[in-house]
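Only one structure is covered here, and it is reproduced in the block below.
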Amino acid sequence: MSHPALSQTPAVPATRTDPSAPAAPVPVQLVGPDGRLTDAGRARGVDVDLARRLYRDMVRARALDREAVALQRQGELSLWLQCEGQEAAQVGSVHALADRDHIFPSYREHAVGLVRGLTPAQLLAQWCGIAHAGWDPAEHHLHFNSLVLGTQTLHAVGYALGCRLDGDDAVTVVYFGDGAASQGDVNEAFNWAATMALPVLFVCQNNQWAISTPTSKQFGTSLHDRAAGFGLRSWWVDGNDALAVHAVTAEAVESVRRGQGPALVEAETYRIGGHSTSDDPKRYRTEEELDAWRRRDPLTRLRTALTDLGVEADWFDAVDADGSELAARTRAECQALAGPDLADLFAEVYADPHPVERERASYEAHLEATGRGR
Amino acid sequence: MSHPALSQTPAVPATRTDPSAPAAPVPVQLVGPDGRLTDAGRARGVDVDLARRLYRDMVRARALDREAVALQRQGELSLWLQCEGQEAAQVGSVHALADRDHIFPSYREHAVGLVRGLTPAQLLAQWCGIAHAGWDPAEHHLHFNSLVLGTQTLHAVGYALGCRLDGDDAVTVVYFGDGAASQGDVNEAFNWAATMALPVLFVCQNNQWAISTPTSKQFGTSLHDRAAGFGLRSWWVDGNDALAVHAVTAEAVESVRRGQGPALVEAETYRIGGHSTSDDPKRYRTEEELDAWRRRDPLTRLRTALTDLGVEADWFDAVDADGSELAARTRAECQALAGPDLADLFAEVYADPHPVERERASYEAHLEATGRGR
Amino acid sequence: MAVLPLGKALNLAMRRSLAEDDRVLVLGEDIGTLGGVFRVTDGLAAEFGANRVIDTPLAESGIVGTAIGLALRGFRPVCEIQFDGFVYPAFDQIVSQLAKMRARSRGRVQLPVVIRIPAGGGIGAVEHHSESNEAYFAHTAGLRVVSCSNPQDGYRLLRAAIRSNDPIVFFEPKRAYWDKGEVDLDASPASLDRALVLRKGRDCTLIAHGPSVKVALAAAEAAEEDGVSVGVVDLRSISPLDVETLQRCVAETGRAVVVHEASTFLGIGAEIAAAITEGCFRELKAPVQRVGAYQLPYPPAHVEDAFLPDVDRVLLAIDRSLNFGRTTAHV
Amino acid sequence: MAVLPLGKALNLAMRRSLAEDDRVLVLGEDIGTLGGVFRVTDGLAAEFGANRVIDTPLAESGIVGTAIGLALRGFRPVCEIQFDGFVYPAFDQIVSQLAKMRARSRGRVQLPVVIRIPAGGGIGAVEHHSESNEAYFAHTAGLRVVSCSNPQDGYRLLRAAIRSNDPIVFFEPKRAYWDKGEVDLDASPASLDRALVLRKGRDCTLIAHGPSVKVALAAAEAAEEDGVSVGVVDLRSISPLDVETLQRCVAETGRAVVVHEASTFLGIGAEIAAAITEGCFRELKAPVQRVGAYQLPYPPAHVEDAFLPDVDRVLLAIDRSLNFGRTTAHV
Ligand SMILES: Cc1ncc(C[n+]2csc(CCOP(=O)(O)OP(=O)(O)O)c2C)c(N)n1
Ligand SMILES: Cc1ncc(C[n+]2csc(CCOP(=O)(O)OP(=O)(O)O)c2C)c(N)n1
Ligand SMILES: [Mg+2]
Ligand SMILES: [Mg+2]
């Protein structure tokens, strides 16, 4: 399929534009909040197979996410950072990448991880306190989470530079949030990527909040405009419209792959849950706001669109069953998670021999002395 | 005088602009490289008194700057960072500010300091190794130099926030270079200023080089575009045209003072000397490039314009004499500079009593013991 | 006298400082509307308004850099860093600007900035949320570093820190935020450079700060039951160190054990051991024992109890000290 | 054997590493076309091209963050930080990412990144160009910290650092860049965790690294003339410390003096003093003496000679050690 290009945020034009000009800008949207195709959506047409895949993965992500919250409430998990509401932004974007495109997530991209093949155990390990990193980045071309906000954007820049030096046409893709975008590192990453014309795609999930801080206290213009100012090719998309996210990301990633320089996709979305299971979002946001966003739910929206396209109820039932099964598996794998022994960690800090390994002996002697030895 | 507004870099427009659109952009210019008024210059007209003041201060700055280089070559000064070539960018901008506007310089703004009333001794102290800060910031609403690149932009943001909290309409003005703009801090400062709509004016002297690094390796778009992307009001000006720099800065600073939010002026200029007296610019740039910029010399240019406007030769002679006198004073003050005693410094680190003061005694005892006591 | 948790005592210290001096400001991530992730600034924005209790963009260098600018303008900013592990983006502003500005200006400029950092482990948190990084700041000339261990001290020390004209990194033991204690709200601000002798002892002196004070006190109790008399000193000020008090106590007991959550290698215990040995060389009956975390990056929460110093490890160190020379003295 | 200045020896170490392993890259500010402000990378860009010797934008966090990404992709980046005082913007990337990534991944990921830092004072520079900040990195688990003092060692240690699979902060004494020495270019890379006994002594052991080694050697010479036999140990590795070698030497002499340019308070001397005292408590005839800079931010160049440890101060410290107990032993 070849489509007309989607609306891209222009590079800052060089001369003053007509002040009487532009209508209120809107993000790219193919399916409206009511689940009906927009004009752009109709013009483009829907790849129903793709839409089904996106829908299925969103259902699976939500099932895992909700089960994880339940596990946390029941004391089986220390902490969970929900991605509910952001499934379209994640599933839509990751499906637009090639498998060899290396991803640097932030920490809320459970749906991305799931699509890339992570098991629930791998996704949960970090949040039940048994590991800092739940999986091997080499396994699915997916780096582990970065918790210090924005730091991973520079790692992505370096990785992308490495790909170019290797003559590999893989695109490096990095996820981060609206809040993280305020960190110096993220802006340095934009600048390095633009200056060196690196094959990197920045994906910002703007979920409107950084813990209790709304985007109005986070930046003065929108992020896709800022990115364009740095010289990135920049797109703005309705992040609750999985098809739009997929289409925009596909266009962006291919432009990067073709060597047209780094790009950014800002997906406008919403975190339905609290920042984490420790957070009480009622302290800072209204029920009305939450309701308004619930009405833009990405799953409902795509379900309506698929139904309109003739997908039958039993297909949805099967998908739901798939979700329930994943939830059950999530619970089982969570309960089976086992932590390491402190003793095991001493040899893992350094690659080359290091005296810290002797501390292991001292630790084990201490266990003996206090009768806690194995 | 009231003028039509000067061309400002547009905020990133919201919709794609006509791709067939704009002609190659040019910075605001009132006097051409040949010293003739441009169309914009003619339309605006020249305030000859102002032009004389600018010219005189540029001559003085150059005289001091060259004398400092001579002093360094003769071993009287350890290091000097020349501002030759950047006099228009500095003198033009600082003259557009109110005296109460608080300035945070970087480290090359000798001309700014001179206009604000610093003595040669104050300007040289840091570079002959007797002080880290040559003057009292309260004296002329001029903070001392910041050598860690870009850090001062955040100080300016905080100071501007303080002014607003105090209900003071002073604008905080911060200078920095094209290279510094790559630091995370500078971008955080842009973002804070835009988000909080702070009364701060950023002045970037883009002198084409950061030591040996050209702007092509420093950023992917121009800085005034990046700033606009952050939501700053942004101007681009020929930094070797003192009248244009003045006019643009005046417009920018007044827009900030009126509460229209933070602004940036990017002044396109050139450093004629090496990065510092320790640098050998021949290693990284061509004679041709240097020559091309010499032909755009800010002093010659304004002198031609003033001559065309009827200013007589003896006025120029008087100004030159003034410059020579300042050079002589610079030499005399440099030679008279005297450093502190290490002993004096122990009490200056902390405001409240601190045991480090006891190290002073230990230091003095050591001097005694080694026969070096006073 | 009120009985309050540490978090609330710190909250009241800020509240009182804001009320007493209108140049005092509080700024940080999520500290306004939310009241901070630990609620230590709860209610302050409502009471003093968004101009004095400022929710900032998410950028620590921005927070400290802006605070410096505010201080240059004559304000007295109190910054909150959300967690210990997130102070590093501000490291340059702290170490090269905040710490050095007064000396740089030869005393013409002063920066009364407080940087509050909830620190330390033991709350089962994910990575970067359990660091003990006081040594970096303590090694930096120009800063003061304070660590509080209980509600009364937290209240008094934070008030004193906000009144001080020097830049101060102020550590709060996050796992003790909910620990209650008596607080005299009229108590004067504490002196910022005096250690506090919490318990006298004849046989050995335990030295600790912040969250480790509780461990030290418990170890001292336990030792007492075994007939060993152990004193406990709460450093309160990590930089400067109150070397006189430390040396005086150790001169009496001849034995010292330092406890902290940071790794021992170049932790504050190294400086304390060196300084005590310099001052009490002849009085010392055994080398100063250091009990800290192992020399690993902070591990997953699952094993943090084994990683952090606990009463057992302190007791073993006391034993090593007491038995030094009797058995093969390998430490 | 060639006679080369340190800067050139380091240059040749990088050149050889670039030639031997095409995954080695060099990156930093002004290191390509210019060859670095100290010319330590001179000629490398011309020889290996702009893809292997990379001039970067002016952003230290960017340099280290990008190097981490490159290492994740399998490269072996060698970063240059232009001056010691400019490493702090990269502190977060170094301390929270570079140092912790291997442990975080439980050994699945390794980051062979070298961060070269021209360090120390004595060249009459302006502020931020004379810092000795090794202690910050040495306190950080997950990093190795190396300091070289002479051309031969610089060559061997830098080659070893580039070959190591661990992240290494590599300090180069900038004022020694022009000091010449014999260099065997075929010498094997040095072991990264062994101190070097440069001189044996019977009465006292001097311990130093980087620029202070020269001071220590001169002091030892001077002491010899006064009939005192003083040994000198060059640490080479600051983290880990070669505690065995230090303890062995000090066990023989019973006296130790540590010299470094950083302030003594929590400088590496504190760890060395503590570790030596732990291991040699009974052998020590005097407390370990520490000679460092005063506890001030680095002062203007005009007074740096008075600020930094010099031969006199080391000799006085040796005296204090030798005379400990004889006079009033106040240190
Ligand atoms: C450098 C740093 N500072 C502070 C934090 C604490 N923190 C964790 S998540 C968060 C909010 C992040 O918001 P955003 O980037 O929008 O991502 P979201 O949580 O909304 O997905 C904060 C402040 C951190 N992790 N890292
Ligand atoms: C954080 C930091 N990194 C590196 C340096 C070393 N340095 C000093 S000036 C300079 C170049 C600055 O270029 P620019 O900002 O364009 O200012 P200019 O010197 O051209 O006026 C560099 C790299 C520094 N001072 N601070
Ligand atoms: Mg967010
Ligand atoms: Mg420049």
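Here is the naming used below: chain letters follow the sequence lines, and residue numbers restart at 1 for every chain. Scope of the values below: all heavy atoms of this structure, side chains included, with no hydrogens, waters or symmetry mates.
Scanning both residues, A:Gly231 and B:Thr221, for their nearest heavy atoms gives CA-CG2, 3.4 Å.
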CA sep, side-chain torsions, deciding dist, call: B:Glu266, B:Trp235, side chain to side chain donor-acceptor pair (under 3.5 Å): CA-CA 6 Å; B:Glu266 179 181 3; B:Trp235 280 264; over 6 Å; no

B:Gln86 and B:Asn207: CA distance, side-chain angles, deciding distance, side chain to side chain donor-acceptor pair (under 3.5 Å) verdict: CA-CA 8 Å; B:Gln86 302 181 215; B:Asn207 64 5; 2.9 Å; yes

B:Glu289 and B:Gln208: CA distance, side-chain angles, deciding distance, side chain to side chain donor-acceptor pair (under 3.5 Å) verdict: CA-CA 11 Å; B:Glu289 178 180 307; B:Gln208 315 304 320; over 6 Å; no

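Checked by atom type and distance alone, the side chain of A:Thr38 pairs as donor or acceptor with a backbone atom of A:Gly41 at under 3.5 Å.
Salt bridge absent: A:Arg296 and A:Asp241 never bring a charged side-chain N and a carboxylate O closer than 4.0 Å.
Taking non-hydrogen atoms and a 4.5 Å limit, the residue list of residues 149-162 of chain A in contact with chain B is empty. Residues of residues 174-197 of chain A placed with any heavy atom under 4.5 Å of a heavy atom in chain B are listed by number as A:Ser182, A:Gln183, A:Gly184, A:Asn187, A:Glu188, A:Asn191, A:Ala194, A:Thr195.
Under the 6.0 Å cut-off for aromatic ring centres, B:Phe230 and A:Phe230 qualify, their centroids lying closer than that.
Using cut-offs of 30° and 60° for the angle between ring planes, the A:Tyr270 and A:Trp293 rings count as parallel.
With 3.5 Å as the limit, one finds no donor-acceptor pair spanning the side chains of B:Gln205 and B:Glu268.
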